[in-house]
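Data block below; observations after.
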Protein chains: 2
Amino acid sequence: MRKGEETRTRILDVAEAAVLQKGFGGTSIEELIAETGITKSGFFYHFRDKNELAKALLNRYIENDERIYDEIFSRARDLMDDPLQSFLLGLKLLSELLSDLPNGHPGCLVATICYYERLFDREIQEINRQAALTWRRRFRGMFEEIMAVYTPREPFDVDQLADMVSTVIEGGIVLSKALKEPQSLPEQILVFRSFVKMLFRPVQHA
Amino acid sequence: MRKGEETRTRILDVAEAAVLQKGFGGTSIEELIAETGITKSGFFYHFRDKNELAKALLNRYIENDERIYDEIFSRARDLMDDPLQSFLLGLKLLSELLSDLPNGHPGCLVATICYYERLFDREIQEINRQAALTWRRRFRGMFEEIMAVYTPREPFDVDQLADMVSTVIEGGIVLSKALKEPQSLPEQILVFRSFVKMLFRPVQHA
DNA sequence: TAAAAACCATACCGGCGGTACAGGAGCGGG
DNA sequence: CCCGCTCCTGTACCGCCGGTATGGTTTTTA
């Protein structure tokens, strides 16, 4: 019962890389089993069909994504007491982490699914939606903490501000992929960071 | 030779909608010819293969995209003399235009291609890259005009600032698709607009 | 009016997603 | 020791799809 999990993980590893490079439609099951060194029957033992592969892939991706955010922003929280400084540091750490990926960010599965909606069932689309909502909640929490201490220069809707983080990341991924400039994504995050800094930096004189 | 163009356009129309909903891999040629009311031979008369369909689709999409940007920002330029006010108005107009799409933005073909790179030849990827570079040039031009008049509160790299426009649009599209909230995209553009306003609003006293 | 453009009809190929079914290796528990 | 469960392998098959080939027909235009 351990061996099975291992094979399953191997399939998911291979599939994730392939899907991010070629999309779901462009990734053949035969190609996955060839690279995994498994047979077709073996594959279908683990996943009933491509839809279930996508579901497992997406769930795993989101889980890992959350873990990374947890780590980065809790580390930033430990280093900085002030919620604004902590958030700004978190963005910096995120930018650095993305900057260190040699080939750039491999792509976001949530975005991939967005451009394939009709191919998958509602369950997958709902998982995708929940992932985006979780991002929103996460960053809204941070902005609320900040706003308990700082007053923004202009009034902002907190949800929209929170969504801006996801927007910049998703957009940055697309842009660096299109431009073939891996540095664009971390740069865009830093630009956003400057905006946030500007928004809460006290004009207050003394 | 006019009839040919018409049929070609009809194929592209059908294909564009299908590709944005299901991706390239998920869109079958047989499905396109069924909806267009053409035969397979007829299709392959117009496009040698799927790669050429993609190329035509992408070129047409980019062309149309540029046209819309031209219209919006030249209109804004006519209404406002000041480059900052003109740019801010342009973003507002863009947001309103996107807000009026009943089903939300159908998706960006450039982004779709990004998540399929390995499926297409280098030519298509280069077209995609040039499109993103054109966006950069367009918005950099606007920011340069603004900076000739206004001094930003913080120093910014003009290219990165220009890229931020594309980032917000691409990211906003992904987010509204994931959330199934069409309003997110126009909202995010307005959030970015506020940031730009904040960046150049004169702290200058008289 | 004749060529060129814009198709239609048919047949075929190989790859791929998916199904069905038969069986086997390893392993843990009664 | 063998039963049953997990975790596969092997083989055969189906239908859809991308793509090729070939030959013919209509429509348009020079």
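The shown structure was predicted, so the numbers you read here are calculated from the model rather than taken from an experiment. Naming convention: chains lettered A, B, ... in sequence-line order (proteins, then strands); numbering from 1 in each chain. Values reported hereafter were calculated over all heavy atoms of this structure, with side chains retained and with hydrogens, waters and symmetry mates removed.
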Separation of D:dC8 atom P from A:Phe44 atom CZ, nearest Å, is 15 Å
Report the C-alpha separation of A:Ser176 and A:Gln183 in whole Å, then their side-chain angles, then the decisive distance to 0.1 Å, and conclude whether the side-chain hydrogen bond (donor to acceptor under 3.5 Å, both in side chains) test is met.
CA-CA 7 Å; A:Ser176 24; A:Gln183 285 312 306; over 6 Å; no
Which value, rounded to the nearest 0.5 Å, describes the distance between B:Phe24 atom CZ and B:Leu53 atom CG?
6.5 Å
Looking at D:dC7, I'd like to know if its phosphate oxygens (OP1 or OP2) sit under 4.0 Å from a side-chain N or O belonging to A:His46.
no
Over how many whole Å does the gap from B:Phe47 atom CZ to D:dC17 atom C1' extend?
18 Å
Show the nearest heavy-atom pair for residues B:Asp49 and B:Phe44, with the distance to one decimal.
CA-CE2, 4.3 Å
Compare every heavy atom of B:Gly107 with every heavy atom of B:Tyr61, then report the nearest pair and how far apart it is.
OH-O, 3.5 Å
So ring-ring contact (aromatic ring centres under 6.0 Å, His included) across residues 71-99 of chain A, not counting sequence neighbours, yields A:Phe73-A:Phe139, A:Phe87-A:Phe143
Roughly how many Å is it from NZ in A:Lys22 to P in C:dC16, rounded to a whole number?
10 Å
Tell me whether the side-chain N or O atoms of A:Thr39 pair up with the base of D:dG10 as donor and acceptor below 3.5 Å, since no angle test is needed here.
no
Phosphate OP1/OP2 of D:dC7 contacted by A:Tyr45 side-chain N/O (<4.0 Å):
yes
First of A:Glu31 and A:Ser41 reached from the 5' end of DNA chain C, by closest nucleotide
A:Glu31
To the nearest Å, give me how far apart CD (A:Glu6) and C1' (C:dG26) are.
14 Å
Length of the NZ-P vector between B:Lys40 and D:dC17, whole Å:
9 Å
B:Arg8 CZ - C:dC7 C1' separation (whole Å):
15 Å
Let me know the distance between CD1 of A:Ile38 and C1' of D:dC7, rounded to the nearest Å.
9 Å
Between P of D:dC16 and NZ of B:Lys50, the distance in whole Å:
17 Å
With heavy atoms under 4.0 Å as the rule, sort A:Arg48 into base, sugar-phosphate or nothing.
sugar-phosphate
So, does A:Thr7 get its side chain near the phosphate of D:dC8, meaning an N or O under 4.0 Å from OP1 or OP2?
yes
